Amino acid sequence: MQPGQTVLINGASGGVGTFAVQIAKSLGASVTGVCSTDNVAMIRSIGADLVIDYTKEDFSRTGQRYDVMLDLVGTRSLSDCLRVLTPRGTYVVVGVRDMGRWFGLGRQTKALLLSPFVRQRMRVFVVRHNRKDLAVLKELVEAGRVAPILDGRYALGDVPEALRYQGEGHSRGKIVIGTGEAAVP
Ligand SMILES: NC(=O)c1ccc[n+]([C@@H]2O[C@H](COP(=O)([O-])OP(=O)(O)OC[C@H]3O[C@@H](n4cnc5c(N)ncnc54)[C@H](OP(=O)(O)O)[C@@H]3O)[C@@H](O)[C@H]2O)c1
């Protein structure tokens, strides 16, 4: 992201989205987050300039265009997603809510196959943990520009329950497994 660019984050209220909103803001982007009604205030509070409540409004029909769309849930067709991009915009698929038979890989494959035939860029993001990125994240956290949003804490013995909850696809930020003392807001 470059300062002044616009980004739409579909699935802004989850474990990935709450970091994405804050990181994009810290890079100077104008951020629009998509989430359900209960999470609108939280997404605003972590810096989103605009929030679209997907239970009330379809982001692909607002007429708004973005330089980047970060898709964490894959709830709209690829043609809907292309429609919200500027002519040289970039669509980035990170995750798919309905994994289906091929663990959601169908969407990634379609995006890559479509890429040479459209003006916009279609990208698939797969995280690679590395020291350099973690150092950047650490700096952002220490500078108070990014703060983890924690949904809840589960003891080690309750991992199955934590995974069940996570699997429902409506986590509000990150889920913590462990028995430490840090408070969950
Ligand atoms: N590619 C990679 O390297 C990578 C890395 C990590 C994760 N992932 C994938 O990325 C995806 C997101 O991960 P996560 O940890 O953020 O998941 P998560 O914590 O479960 O969050 C999912 C979010 O999606 C939102 N959501 C559900 N239905 C929606 C809809 N129709 N429109 C918009 N938002 C909707 C939920 O918000 P509401 O409760 O407000 O509905 C929830 O906050 C998952 O598929 C995960 O597997 C990929």
Side-chain angles (χ1 to χ4, degrees), residues 7-25 31-48 50-62 64 66 68-81 83-85 90-112 115 121-134 136-137 146-154 158-177 184-185:
V7 57
L8 176 82
I9 300 173
N10 190 27
S13 51
V16 177
T18 47
F19 273 97
V21 168
Q22 298 177 78
I23 293 169
K25 273 311 288 181
V31 178
T32 299
V34 182
C35 62
S36 64
T37 313
D38 285 352
N39 290 319
V40 168
M42 184 269 285
I43 295 301
R44 278 218 186 90
S45 76
I46 60 172
L50 289 167
V51 184
I52 296 174
D53 177 347
Y54 66 77
T55 68
K56 297 185 179 149
E57 198 176 4
D58 179 347
F59 71 78
S60 69
R61 307 271 163 197
T62 61
Q64 194 62 46
Y66 304 89
V68 176
M69 173 176 169
L70 189 68
D71 199 355
L72 308 174
V73 282
T75 46
R76 309 300 312 184
S77 69
L78 287 176
S79 56
D80 280 348
C81 297
R83 195 176 335 115
V84 306
L85 290 177
T90 304
Y91 172 77
V92 184
V93 56
V94 178
V96 177
R97 189 164 148 62
D98 180 11
M99 296 294 216
R101 217 157 53 115
W102 298 100
F103 299 99
L105 289 176
R107 188 177 190 86
Q108 276 93 327
T109 310
K110 269 189 213 161
L112 292 177
S115 190
R121 293 191 297 178
M122 314 283 278
R123 294 286 184 268
V124 173
F125 176 82
V126 179
V127 72
R128 275 174 297 173
H129 299 284
N130 62 68
R131 185 181 287 262
K132 192 167 148 257
D133 286 350
L134 284 174
V136 172
L137 200 52
V146 168
I149 304 298
L150 304 183
D151 183 321
R153 177 183 294 281
Y154 292 81
D158 294 328
V159 166
E161 170 61 12
L163 290 176
R164 189 199 55 73
Y165 177 66
Q166 167 82 31
E168 288 173 2
H170 292 285
S171 304
R172 207 163 186 243
K174 291 284 182 191
I175 292 169
V176 179
I177 310 287
V184 174

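All ligand and atom numbering here is 1-based and tracks the order in the structure. Small disclaimer: the values here were computed from a predicted structure and weren't measured.
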- request: Between D38 and ligand 1, find which residue part has any heavy-atom pair under 4.0 Å and reply side chain, backbone, both or neither.
  value: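 Under 4.0 Å from ligand 1, D38 contributes no heavy atoms.
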- prompt: With a 4.0 Å heavy-atom cut-off (strictly under), which part of N39 contacts ligand 1: side chain, backbone, both or neither?
  reply: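 Under 4.0 Å from ligand 1, N39 contributes side-chain atoms alone.
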Which of the atoms of ligand 1 are close to [X], meaning less than 4.0 Å from one of its heavy atoms?
| X | result |
| --- | --- |
| V127 | 2 (C), 3 (O) |
| V96 | 45 (O) |
| N10 | 32 (N), 33 (C) |
| S13 | 36 (C), 37 (O), 38 (P), 40 (O), 42 (C), 43 (O) |
| V16 | 6 (C), 7 (C), 13 (O), 14 (P), 15 (O), 16 (O) |
| V126 | 1 (N), 3 (O) |

message: Let's go through I177 and Y154 carefully: what are the C-alpha distance in whole Å and the side-chain angles of both, what is the deciding distance for side-chain contact (heavy atoms from CB on, under 4.5 Å) to 0.1 Å, and is it a yes or a no?
response: CA-CA 5 Å; I177 310 287; Y154 292 81; 4.2 Å; yes
- prompt: What closest approach, in Å, do R172 and D38 show between heavy atoms, and which atom pair accounts for it?
  reply: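 Closest approach of R172 to D38, heavy atoms only: NH2-O, 3.4 Å.
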Between [X] (side chain) and [Y] (backbone), is there a donor-acceptor pair under 3.5 Å?
| X | Y | value |
| --- | --- | --- |
| N10 | L8 | no |
| S45 | M42 | yes |
| Q22 | A147 | yes |

field: Approximate separation, where rounding is to 0.5 Å, of I46 CD1 and K25 NZ
entry: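 Result: 11.5 Å between the selected atoms.
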message: Can you confirm whether more than 12 heavy atoms, excluding those of R131, are under 6.0 Å from its CZ atom?
response: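 Open.
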Does any N or O of ligand 1 fall below 3.5 Å from an N or O anywhere on [X], backbone included?
| X | result |
| --- | --- |
| V73 | no |
| S171 | yes |
| G14 | yes |
| V94 | yes |

message: Pair F59, T32 - check side-chain contact (heavy atoms from CB on, under 4.5 Å), show working.
response: CA-CA 10 Å; F59 71 78; T32 299; over 6 Å; no
message: What I want to find out is whether R76 reaches D71 closely enough, with some N-O distance under 4.0 Å, to be called a salt bridge.
response: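 No salt bridge links R76 with D71.
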Option whose closest heavy atom lies nearest to [atom], chosen from [options]:
| atom | options | result |
| --- | --- | --- |
| atom 36 (C) of ligand 1 | G173, G33, G169, G11 | G169 |
| atom 41 (O) of ligand 1 | F59, Y54, F125 | Y54 |
| atom 28 (N) of ligand 1 | E168, R76, R97 | R97 |

- prompt: With a 4.5 Å limit on heavy-atom distance, are the side chains of V124 and R107 in contact?
  reply: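 Counting from C-beta outward, V124 and R107 never come under 4.5 Å.
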